[in-house]
Amino acid sequence: EEPKIDNSTQEPVNCTNHTAYVQCLPAPNITCKDHLGIEKVFTGHEVGFYKPIACRNVNGYSYKVAVALSLFLGWLGADRFYLGYPALGLLKFCTVGFCGIGSLIDFILISMQIVGPSDGSSYIIDYYGARLTRLTITNATFRKMQTYP
């Protein structure tokens, strides 16, 4: 089943430690043995197990509000004040958004979700909305050598 979404956070209900659990219902007439060897036949209406899904930590910072503040009041530093960066907000306010260049750069960085809230949480974005996922290469990542024809 799809996870139940909390309207205020737009994340699955009961999200703790970046994990939420979704009920999984086995198909009817599926027989499973548990670790004790007891067989159970499912009818399709009872929960077979709970599947862990990833969720994000959010603390009330809306992506839509951040982008709107950056677009319309970025030259006053309102976007940086909203996201919890008061020193940068004051600097942008005193320099009129670094003569407009800093406002444009901040608008791009906030729109691309590179700059987020200062507490390290994620933006509140609609569950099925446009959300960016950063891909990284680490030592645990397999890198396939490219072959040229």
Side-chain angles (χ1 to χ4, degrees), residues 1-93 97-98 102-146:
E1 293 184 355
E2 291 291 320
K4 292 182 177 115
I5 305 301
D6 185 3
N7 286 332
S8 62
T9 62
Q10 288 296 308
E11 290 296 317
V13 176
N14 299 328
C15 175
T16 54
N17 296 330
H18 302 284
T19 306
Y21 293 93
V22 179
Q23 296 179 351
C24 291
L25 306 173
N29 299 324
I30 296 291
T31 304
C32 294
K33 283 186 181 180
D34 63 6
H35 63 283
L36 299 175
I38 301 171
E39 287 189 1
K40 181 174 182 179
V41 178
F42 290 96
T43 63
H45 299 290
E46 64 268 357
V47 177
F49 60 95
Y50 291 90
K51 176 184 175 187
I53 59 170
C55 58
R56 300 171 312 124
N57 177 29
V58 294
N59 281 339
Y61 295 98
S62 171
Y63 174 70
K64 293 176 184 178
V65 172
V67 170
L69 285 173
S70 183
L71 180 63
F72 297 113
L73 297 174
W75 59 277
L76 291 174
D79 52 352
R80 289 296 185 148
F81 281 115
Y82 174 72
L83 293 175
Y85 301 100
L88 286 174
L90 187 61
L91 189 62
K92 279 179 69 176
F93 179 77
F98 301 111
S103 299
L104 177 65
I105 291 171
D106 270 353
F107 176 70
I108 293 169
L109 293 176
I110 291 171
S111 297
M112 294 178 63
Q113 301 172 20
I114 293 171
V115 171
S118 64
D119 61 0
S121 63
S122 298
Y123 288 116
I124 295 175
I125 301 174
D126 294 337
Y127 187 73
Y128 294 107
R131 180 177 302 154
L132 295 178
T133 303
R134 289 191 182 89
L135 300 177
T136 58
I137 296 175
T138 63
N139 289 336
T141 308
F142 177 74
R143 191 170 194 171
K144 186 176 180 182
M145 295 299 295
Q146 187 171 5

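Please read these numbers as outputs of a predicted model, since none were measured by experiment.
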If I compare all heavy atoms of [X] with all of [Y], which pair ends up nearest, and what's the gap?
{"X": "Cys55", "Y": "Ala20", "value": "SG-N, 3.9 Å"}
{"X": "Gly48", "Y": "Phe42", "value": "CA-CE2, 3.7 Å"}
{"X": "Leu132", "Y": "Gln113", "value": "N-OE1, 3.3 Å"}

Worksheet entry | Worked check of side-chain contact (heavy atoms from CB on, under 4.5 Å) between Asp106 and Arg80 | CA-CA 9 Å; Asp106 270 353; Arg80 289 296 185 148; 2.7 Å; yes

Between atom [atom1] of [X] and atom [atom2] of [Y], what is the distance when rounded to the nearest 0.5 Å?
{"X": "Leu88", "Y": "Leu90", "atom1": "CG", "atom2": "CG", "value": "9.5 Å"}
{"X": "Ile108", "Y": "Ser70", "atom1": "CD1", "atom2": "OG", "value": "9.5 Å"}
{"X": "Asn14", "Y": "Thr19", "atom1": "CG", "atom2": "OG1", "value": "12.0 Å"}
{"X": "Leu83", "Y": "Ile110", "atom1": "CG", "atom2": "CD1", "value": "5.0 Å"}
{"X": "Cys15", "Y": "Ile53", "atom1": "SG", "atom2": "CD1", "value": "8.5 Å"}
{"X": "Ser122", "Y": "Glu11", "atom1": "OG", "atom2": "CD", "value": "7.5 Å"}

Practice prompt. In plain terms, say whether Asp126 and Arg131 are close enough for a salt bridge, that is, a side-chain N and a carboxylate O under 4.0 Å apart.
Written response: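 Salt bridge between Asp126 and Arg131, a charged N being under 4.0 Å from a carboxylate O: no.
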
Worksheet item: For Asn17, does the CG atom have more than 12 heavy-atom neighbours from other residues, nucleotides or ligands under 6.0 Å away?
Response: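 No - once you tally the heavy atoms of other residues, nucleotides and ligands closer than 6.0 Å, there are 12 at most.
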
Worksheet item: Around Phe93, counting heavy atoms of other residues, nucleotides and ligands shown, do more than 12 lie under 6.0 Å from its CZ?
Response: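 12 or below, so no.
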
Worksheet entry | Verdict with reasoning, Ile124 to Asn59, per side-chain contact (heavy atoms from CB on, under 4.5 Å) | CA-CA 8 Å; Ile124 295 175; Asn59 281 339; over 6 Å; no

I want to check something: taking the side chain as every heavy atom from C-beta on, are [X] and [Y] in contact at a cut-off of under 4.5 Å?
{"X": "Leu25", "Y": "Val47", "value": "yes"}
{"X": "Ser121", "Y": "Val58", "value": "no"}
{"X": "Tyr21", "Y": "Pro12", "value": "no"}

Item to complete: Scan for ring pair (Phe, Tyr, Trp, His ring centres under 6.0 Å) pairs involving residues 51-86, sequence neighbours excluded, and state none if there are none.
Response: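 Those involving residues 51-86 are Tyr61-Tyr82, Tyr63-Tyr123.
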
Item to complete: Could you give me the CA-CA distance, side-chain angles and deciding distance for Asp79 and Lys92, then say whether side-chain contact (heavy atoms from CB on, under 4.5 Å) is met?
Response: CA-CA 10 Å; Asp79 52 352; Lys92 279 179 69 176; 3.1 Å; yes

Worksheet item: Under the 3.5 angstrom rule, does the side chain of Asp34 hit a backbone N or O of Ile38 as a donor-acceptor pair?
Response: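 Yes: the side chain of Asp34 pairs with the backbone of Ile38.
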
Worksheet entry | Residue pairs, two or more places apart or on separate chains, that pass side-chain hydrogen bond (donor to acceptor under 3.5 Å, both in side chains) and touch residues 35-51 |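 Passing the test, one end in residues 35-51: Thr43-Glu46.
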
Discussion item. Apply side-chain contact (heavy atoms from CB on, under 4.5 Å) to residues Phe98 and Ile105 and explain how you reach the verdict.
Written reply: CA-CA 10 Å; Phe98 301 111; Ile105 291 171; over 6 Å; no

